[in-house]
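Given the structure is predicted, the values throughout are model-derived calculations rather than measurements. By convention here, the first residue in the shown sequence is residue 1.
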Amino acid sequence: MPFDELQAEQIALFREAWKQAGHAREPRVSISRSVLPITEEIDRVYFGNQEQEDQIGLLEGVRSRFGRTYAGEPDRIAEELAADAAVRAADTVLFTVPNQLGVAYNARILETITKHIAPAMGWNPA
């Protein structure tokens with residue numbers, strides 16, 4: 001089962017358990033996605049060969065699955081995130097970006113996410 005579908009299933013199970021426990025309000029669920037929009041040649045140099053599949057690694061010595069990194073043109077990333085089952089199921093999506101490239105670089109990535117990717121997914125700023 002792909003990672004996004006696994007997470008969506010976990011979200012549904014959590015919400016059902018929450019309801020069965022008798023809580024009156026709806027719980028909020030957050031997920032995170034690694035997003036690397038490619039808008040300049042330097043982005044392609046850094047991230048152009050990024051794996052586009054779910055990853056497997058070790059987390060505290062236990063084999064674990066991790067979601068893929070969404071790298072590419074902003075419109076393609078928006079389409080892929082809109083099709084992500086866990087993104088659709090969650091209340092909040094946290095976008096992660098690499099921290100080692102500096103503030104200015106990350107600000108540009110975040111600007112691309114807020115101006116191009118998130119609105120294409122239906123997000124509107126408050």
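- No continuous path of hydrophobic side-chain contacts links F3 to F14 [ILVMFWY only; heavy atoms under 4.5 Å].
- The shortest side-chain heavy-atom distance between E79 and M121 does not fall under the 4.5 Å cut-off.
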Passes salt bridge (Lys or Arg N to Asp or Glu O under 4.0 Å), K19 versus E26? Steps please. CA-CA 8 Å; K19 183 179 174 182; E26 287 286 320; over 6 Å; no

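- A donor-acceptor pair is defined here as one N or O able to donate and one able to accept, closer than 3.5 Å; no such pair exists between the side chain of R44 and the backbone of I38.
- Ion pairing of R108 with D43 is present here, as a side-chain N (NZ or NE/NH1/NH2) and a carboxylate O approach within less than 4.0 Å.
- For the pair W18/R25, a side-chain contact is recorded, criterion being any heavy-atom separation below 4.5 Å from C-beta on.
- In this structure, the side chains of F47 and P98 come closer than 4.5 Å at one or more pairs of heavy atoms.
- Distance CZ/F95 to CZ/R33: 9.5 Å, rounded to 0.5 Å.
- No donor-acceptor pair closer than 3.5 Å links the side chain of D84 to the backbone N or O of D4.
- Under the 4.5 Å side-chain heavy-atom criterion for ILVMFWY residues, no single connected hydrophobic cluster contains both V87 and M1.
- Panel note: side chain W123, backbone I117; no donor-acceptor pair is recorded below 3.5 Å.
- L36 places none of its side-chain heavy atoms less than 4.5 Å from the side chain of Y70.
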Should I113 and V97 be marked as a side-chain contact (heavy atoms from CB on, under 4.5 Å) after you check the CA-CA gap, both sets of side-chain angles, and the distance that decides it? CA-CA 10 Å; I113 291 170; V97 297; 4.2 Å; yes

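- Looking at D91, its side chain never comes within 3.5 Å of a backbone N or O of S30 through a donor-acceptor pair.
- By the 6.0 Å contact criterion, CD on E16 is enclosed, its count of non-hydrogen atoms from other residues, nucleotides or ligands being greater than 12.
- Atom CD1 of I31 is separated from atom CD1 of I11 by 5.5 Å, given to the nearest 0.5 angstrom.
- Closest approach of A83 to R88, counting heavy atoms only: O-NH1, 2.7 Å.
- When only modelled atom types and interatomic distance are considered, T92 and R28 share a side-chain donor-acceptor pair under 3.5 Å.
- For the atom pair OH (Y105) and CD (Q100), the distance works out to 10.0 Å, reported to the nearest 0.5 Å.
- A pairwise comparison of heavy atoms in T96 and S34 identifies OG1-CA, 3.2 Å as the closest pair.
- The backbone N or O of A71 lies less than 3.5 Å from a partner atom in the side chain of R76, making a donor-acceptor pair.
- Counted within 6.0 Å of CD on E60, heavy atoms from surrounding residues, nucleotides or ligands total 12 or fewer; the atom is thus considered open.
- Taken from CD in E111 to CG in N106, the straight-line distance is 12.5 Å, to the nearest 0.5 Å.
- In this structure, H116 and P74 approach most closely via the heavy-atom pair CB-CB, 4.2 Å.
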